Protein chains: 2
Amino acid sequence: MSSVEARNRRRRATVKDVALEAGVSRGTVSRVLNGQPYVSEDARTAIDAAIAKVGFIPNRAARSLVLQRSQAIGLIVHEPHSLFVEDPNIGSILMGANAALSEADYQMSTLIADTPRDVDRLARYLSGGLIDGVIIVSARVGDPITEAVARLDLPATFVGRPRDIGSAASVAIDNRDSARRITNRLLATGRRRVGMIAAALDRDSGADRLAGFVDAVGGRFDAELVERVPLYSYSDGQRGMRTLLARCPDVDGIFASSDAVAAGAMDVLQSEGRRIPDDVGIVGFDDSSWAMRCDPPLSTVHQPATELGRAAAESVLRQLRGVSDESEGRQLECPIVWRGSA
Amino acid sequence: MSSVEARNRRRRATVKDVALEAGVSRGTVSRVLNGQPYVSEDARTAIDAAIAKVGFIPNRAARSLVLQRSQAIGLIVHEPHSLFVEDPNIGSILMGANAALSEADYQMSTLIADTPRDVDRLARYLSGGLIDGVIIVSARVGDPITEAVARLDLPATFVGRPRDIGSAASVAIDNRDSARRITNRLLATGRRRVGMIAAALDRDSGADRLAGFVDAVGGRFDAELVERVPLYSYSDGQRGMRTLLARCPDVDGIFASSDAVAAGAMDVLQSEGRRIPDDVGIVGFDDSSWAMRCDPPLSTVHQPATELGRAAAESVLRQLRGVSDESEGRQLECPIVWRGSA
DNA sequence: CTGAAAGCGCTAACAG
DNA sequence: CTGTTAGCGCTTTCAG
């Protein structure tokens, strides 16, 4: 039966049906629908009853068409499979953005760009008037999505700040400064041979974290002590640590590009018999669920992921209201969380 | 400048503009837009040129309105904050569904229902004609979203199968059978006192996993050996294990409701000096990233999350095409992955 | 092969 | 306070 019903779904009631039923005009129905003043009590009650009786539900496509807005904001996540599933921050960014949009009565629609085909379809979708603005998470430099959004000149705010977004609004963290601060903190514990496992150098975040590390070690910099790995992942952390340890057995401090990397590194260090933090101090980046699961718990940089999402949402909303958006290039604070690993 | 531009965005070109520019009628423009036959070569080239010249982008709201479909599918995740961020399966379900929908040229729009307010807005949004069908992840019994979808009679497929969805389509795993199988495997290693840390009993998945465990132990069932905890989380795994260990120090096998729970339990067991798998064998459920991070790696039930997403997407698509949906109540296989923890 | 015209469902002036 | 009237941008008969 379900399939038959699905075929010929009964025609939905429209404002016209409601008007007929209530014995008023469509205009009046529209007025009560939009909570406008100047509607008699009688008309209002008649219409409310009619709405309930015919089971009227407004059609948003029609509404968007005439109003030229949809009361929906897209949140675009441009990530290949794996990262989306693994990145602990994305979920928090989503929740933060959703909370802010929800308060403003906007529907958030998360759109995933996984394959090139997705990117194309997405570009078409965005142009459709079904979405009033977008939040873009993890765009890369030269991203086709960025271009599409610019072309459509759709109100947009980036989470993170790729170099090529011009004067577009963004909210981000200062990866370089945060990396510098936590490295300094690690150095302050008296370590002499501090290395780094530097992941994701093809992204701004990865490159900036390395730059911050270099800033901090300053004159003591030794290229031997930096091991580069492709991803912010546990297994790359293991791999990187093994290589680094083989090359520099005297290393006594590690700054890992992310908590997952740190966790991998820590497991390798411990299985090689190094005590943490006694023999080697280690710090990470993200303050994700990995951090608390480490033993000892990881000292790390806290990323305010929920706040990033919320701030990005507020920024798009501001653009929608036509307020000049002060948050262009806004940066959020990243407190250092000092635990037992260094 | 960006804010000024954002205010008076230039009016977008419409079919009318294209028609004028190409010197044809709107009807003809529409025909080439939809790749219909019976358009002269001349008209076609003129129109293509005009489209490029005026920068025409079709308005999907208008299109949806007349076509009564939007070529978009909603994927609804109904979870309070924390779980969305933590549940490793959700990300994979998303990717699987997105892949299938993308192939069929549908846009997937992920909608989060976090607060009651979200649920309301969502119900309105769904009714709007902006979405042709929905995939619903992690609905609970008595879920208002379920009711809204039923009322709208929107093509829908559930991932998981709450008791109250009637004859609606769903794709799920057999939690009970899988739990039974892995418990049996654990029992087959010769354990005499096998307990369970049973999480999330308010959900079908949690209750079914416990039922499967009970099936497997059969006559040897001892209520003392079952510890109930609220969430599928690492910390509840720790808490549950501590309590269980205090009550039954002779326990020599553990079935944990999820990998995260197992990880927590394992850490407690080891810090209490129990060797795994020598003293205690432990198995989990999910085959998530937790499993490989355990030491020794966790034996567990593999959840085919990506396939669940894909199958759900295909099911909605089938309903949209009006094909009777054979997948109503479909179940996917969960292979057991045996590693070193038992 | 193509133009004209009607209409999807809704809102927003504009007269009453 | 309310009805009438025009569209929003697109597709789709129906005549040519």
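Chain identifiers are assigned alphabetically (A, B, ...) following the order of the sequence lines, protein sequences preceding nucleic acid strands; residue numbering begins at 1 within each chain. Note that the structure is predicted; figures quoted are calculated from it, not measured.
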Nearest-0.5 Å distance that lies between atom CG in B:Asp143 and atom CD1 in B:Ile136: 7.5 Å
Euclidean distance, A:Ser109 OG relative to B:Ile131 CD1, rounded to 0.5 Å: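 Atom-to-atom, B:Ile131:CD1 and A:Ser109:OG are 7.0 Å apart.
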Of all the nucleotides listed ([options]), which has the minimum atom distance to the side chain of [X]?
X: B:Ala62; options: C:dC8, C:dA4, D:dC10; result: D:dC10
X: A:Arg26; options: C:dC10, D:dC1, D:dG3; result: C:dC10
X: B:Leu65; options: D:dC10, C:dC10, C:dC8; result: C:dC8
X: A:Arg31; options: C:dC10, C:dC14, D:dC10; result: C:dC14
X: A:Arg63; options: C:dC10, D:dC10, C:dT2; result: C:dC10
X: A:Tyr38; options: D:dC1, C:dT2, C:dC10; result: D:dC1

Give the minimum heavy-atom separation between [X] and [Y], together with the two atoms involved.
X: A:Ala72; Y: A:Leu130; result: CB-O, 3.9 Å
X: A:Ala313; Y: A:Ala100; result: CB-CB, 3.7 Å
X: A:Ser102; Y: B:Thr115; result: OG-OG1, 4.3 Å
X: A:Asp132; Y: A:Gln71; result: OD2-N, 2.7 Å

Whole-Å distance separating the [atom1] atom of [X] from the [atom2] atom of [N]:
X: A:Asp42; N: D:dT2; atom1: CG; atom2: C1'; answer: 13 Å
X: B:Leu20; N: C:dT2; atom1: CG; atom2: P; answer: 17 Å
X: A:Ile51; N: C:dG9; atom1: CD1; atom2: C1'; answer: 14 Å
X: B:Gln71; N: D:dT11; atom1: CD; atom2: P; answer: 13 Å
X: B:Asn34; N: D:dG9; atom1: CG; atom2: P; answer: 17 Å

Which residue lies toward the 5' end of DNA chain C, B:Thr28 or B:Gln68, if each is placed at its nearest nucleotide?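 Counting from the 5' end, the first nearest nucleotide belongs to B:Thr28.
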Residue whose closest nucleotide on DNA chain C lies nearer the 5' end, A:Lys16 versus B:Gly23: B:Gly23
NA contact type, [X], heavy-atom cut-off 4.0 Å: base, sugar-phosphate, or nothing?
X: B:Pro58; result: sugar-phosphate
X: A:Val24; result: sugar-phosphate
X: B:Ala43; result: sugar-phosphate

Indicate whether OP1 or OP2 belonging to [N] is found under 4.0 Å from a side-chain N or O atom of [X].
X: A:Gln36; N: C:dT11; answer: no
X: B:Ser40; N: C:dT2; answer: yes
X: B:Asn59; N: D:dC8; answer: no
X: B:Thr14; N: D:dG9; answer: no

Under a 3.5 Å cutoff on both atom distances, Watson-Crick or G-U, what's the dot-bracket for DNA chain C ([ ] crossing, | other strand)? ||||||||||||||||
Just checking, any donor-acceptor pair under 3.5 angstrom between side chains of B:Arg63 and B:Asn34?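 Looking only at side-chain atoms, B:Asn34 and B:Arg63 do form a donor-acceptor pair, the distance falling under 3.5 Å.
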Matching residue for B:Val149 among B:Ile145, B:Asp153, B:Thr146 - test: side chain to side chain contact (heavy atoms under 4.5 Å, CB included): B:Ile145
